[in-house]
Amino acid sequence: MNKLEQAIRKTAGDGCLYSHAVEKPSFIEEIDKMKVSHLMTKEELEKQKIIYPDFKNTVLVNSFRELRTSLTALSSKNVVMVTSISERAGVSFFARNLAVATAFDMAKTAMLVDCNGRKSGVNEVFELGLRLGISDFISNKDVKTAEIIHESGLKRLRILPFGQSGSDGDESFSHPRFHSLMAQIKYQYSDRHIFIDAPPILKSADARILMEVCDQVLLVVPYGRDTNQDIQAAARVIGSQKFSGVVFNEFLI
Amino acid sequence: MITNPLDLVAITFKDTWKRKELGILMFIGFSMLVLFLSWNWPKMYVSSSIIEVDEQNILTPLLEGSAIATSIKNHARNAEQIVFNKYAMKYIFDILKDDIEKLTDKQKEGYWEDIRDNTSIENTGSNLIKISYRSIDPVRAQLLAENLTNLFISESVNEKKRESEGAYNFIARQAGDYHEKLLNSENALKEFRSDNLGADPASSAVVNDRILELQRSIEQSGLAINEANIRMENIDAQLSGEAEVSAHLSREGQIQERISVLQTKLDMLRMTYLDTYPDIIIIKDQIESLKTTMGNIGKDETYKISQNQGGQLNPLFQELRAKRSQFKTELAALKTRVKVTRQLLSDEKSRARQINNAVAVYAQLTRDYDGNQALYRKLLKQRESARVSMNIDIANQGMTLQIKEQAIVPLSPVGLQFIHFAVFGLIGALLAPFGLSFLLASIDNRYKFEKSLKAVNGLPVLGGINVYRNRSMNIVDVSWLISIALIFTAVVFMYGYVGWLKISGQA
């Protein structure tokens, strides 16, 4: 408990923002103490296609809740990689909202790890600007873990962006520092669920490398894009051990 | 692949919305293309006339059996051949002189082909023929329909005339041939008759009777010869028993006596027969021979002695000798008669043969004549029937082809009207994007349903996520809908405007 407390203090910075959490169990209290300097409004959330508990499309919210429940059942398998067969399948949208849905639970925290390279839109979504990320951590030994984990504008959700250094073809994810980073964030907090926003599994080597550090793989199948052969090929690449299932994304582009 | 029809419909709508930009382009493109077509679609006018064919006119039952009315139904069937023969081309070209003046022969041929293509001839009822002509010019349609109708009627009449005339000429020619044959056989018969007078079955019977008579006469003469021979033998037997000389008789006297007897007999016969009669000839011979004997007596010694002796000849002997001589004469006469009769018989037989041959030839000739005569009579009858048929056709009474409905100048065009184009254009344009989506959806084997994903893969399916709709997306969609509605309204208005132009006659 002491360790957890320390960690929370470390990430949330000093000082408690909320004074009403008197009767809550101590770890929740600690979680509540996570620093949120700016909360996104409903308009901002809707603009960025992020769900919130009283969002009017309850079917959508409940779908994400159900998915979250089945994926976060085991705390030992708390690293979930979200991938797809081809690009523009809505993986980022999925990973983002799964993390958000997980953060709905006041007993859990969530982290969204953006592994889509520099072109990823996660910075704009959460208005992170040019903050440090994974690539900076790998390329610069002076960068601390705490410097690359950022607030999201939502409670109990932290963002680990890709960062600004290096290039897309670097295969940064096979770097030992990445492995140590992942181990650190995986084991540091027992109730933290990590969602990796990964590139397409059949198109990118990064996705296959990332599979080594994750516990579960979720395959997003978008509307009218993939054939049976594609899905079977992806399932073979993922393997049955880590393959937790397929989700159908009915979005229209 | 989607097999459930409801799913297919749902997918069709979804995909159409997804590809709304393409859909809008298709809608505009299709509707404008059809509008363009309808604007440029030529107006076709059809003018037609109906001809009634009546085969049962008053003459037909009256002339039943003797005259044959040529059928008009055959003409209806061959109407096109009748209307489009060489003469017809000339007739029509005469009417359309101005149009074809500057055309070459090849162009004229094409022009005629066009006329043929635009003409339609059909049997609308059991006895109605409809001749129509279609053209972009209503006046021309009427002109050609009318002229083709007139042409058809006049050509049908001519055809019928030609047909019945041909039939008459044929039969007349046949009748002429048989007439000549009949004359020939008549002549042959006449000639034969004059060449073979008496060579008829009646004279054949006469000849047969004659032959029988001659045969009977030969038989009788044979019997008489036998009788005479027997008598001769008897007398010879008696003579051998008698003495030649019983008394002294002058030999001369005896011969004299005999000559006088024979002379008496000769005179008797001459009163009845000609000198050529056999008996007369024989008697003459005997008298002659006796006279010779008398002449020889004076020279004969033995005679002298016997005379000198004054011996007298036996009278019985004398008598027998006289008888014998008489019988001998009779026998010779009979033999001569048999010989002559046989000659006559053979003559008669050859005559009988000639008559039989002549009768056979006569029968043949008669048969020919009878046959030719029968055929000629029949042909004469047929020729008269054909003549009546021909006269009926010449008098234009054998059939009635009357125009039931005159070709008039059509007022409204036929074929596709603007309203058809409008309905086709708008509905087609609306359906085109959906049709494309439907086609693509029915051949697309990519996943479009969460449930099909579950059904096919055997992989764990955690669920499906709906579309996240935010305000800006809604605004975009609503603006799309408004645009689509505006485009649709604009297209409908364009159709309406073009339709108004067409109906008000400005286009």
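Keep in mind it's a predicted model, so treat the numbers as computed, not measured. Residue numbers begin at 1 in each chain, while the letters A, B, ... track the order of the sequences.
- Pairing each heavy atom of Y447(B) with each of T227(A), the nearest pair is CE1-C, 3.6 Å.
- Atom OH of Y111(B) has more than 12 neighbouring heavy atoms from other residues, nucleotides or ligands inside a 6.0 Å radius.
- Nearest heavy atom pair, residue Y468(B) against residue I50(A), reads OH-O, 2.6 Å.
- The two residues K56(A) and R469(B) have their closest heavy-atom pair at NZ-O, 4.2 Å.
- K20(B) NZ: more than 12 foreign heavy atoms inside a 6.0 Å radius.
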>> Checking V467(B) against L60(A) for the side chain to side chain contact (heavy atoms under 4.5 Å, CB included) test, could you report, in this order, the C-alpha distance in whole Å, the side-chain angles of both residues, the deciding distance, and whether it holds?
In response: CA-CA 8 Å; V467(B) 186; L60(A) 184 72; over 6 Å; no
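- Only the backbone of D226(A) comes within less than 4.5 Å of a heavy atom of chain B; no side-chain atom from C-beta onward does.
- In this structure, R471(B) CZ and K47(A) NZ are separated by 12.5 Å, a value rounded to the nearest 0.5 Å.
- For CG of L22(B), the number of neighbouring non-hydrogen atoms (other residues, nucleotides, ligands) closer than 6.0 Å is greater than 12.
- Surrounding NZ of K49(A) are at most 12 heavy atoms belonging to other residues, nucleotides or ligands under 6.0 Å away.
- Annotation: I408(B), atom CD1; neighbour count of heavy atoms from other residues, nucleotides and ligands within 6.0 Å does not exceed 12.
- Within the 4.5 angstrom heavy-atom criterion, atoms from both the backbone and the side chain of F64(A) approach chain B.
- The OH atom of Y223(A) sits 5.0 Å away from the NZ atom of K14(B) when rounded to the nearest 0.5 Å.
- Counting heavy-atom neighbours within 6.0 Å of E122(B) CD, excluding the residue itself, gives a total above 12.
- More than 12 heavy atoms of other residues, nucleotides or ligands lie within 6.0 Å of CD1 in I487(B), so this atom counts as buried by the packing criterion.
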>> Quick one, F248(A) with V461(B), criterion side chain to side chain contact (heavy atoms under 4.5 Å, CB included). Give me CA distance, side-chain angles, the key distance, then yes/no.
In response: CA-CA 8 Å; F248(A) 187 71; V461(B) 176; 5.7 Å; no
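- Residues S70(A) and L462(B) approach most closely at OG-CD2, 4.5 Å, considering heavy atoms.
- For chain B, the nearby part of L45(A) is the backbone; its heavy atoms alone come within less than 4.5 Å.
- Looking only at side-chain heavy atoms (C-beta outward), F55(A) and N470(B) stay at 4.5 Å or farther from each other.
- Atom CH2 of W41(B) sits in a sparse spot, with 12 or fewer heavy atoms from other residues, nucleotides or ligands closer than 6.0 Å.
- For V59(A), the part lying under 4.5 angstrom from a heavy atom of chain B is the side chain only.
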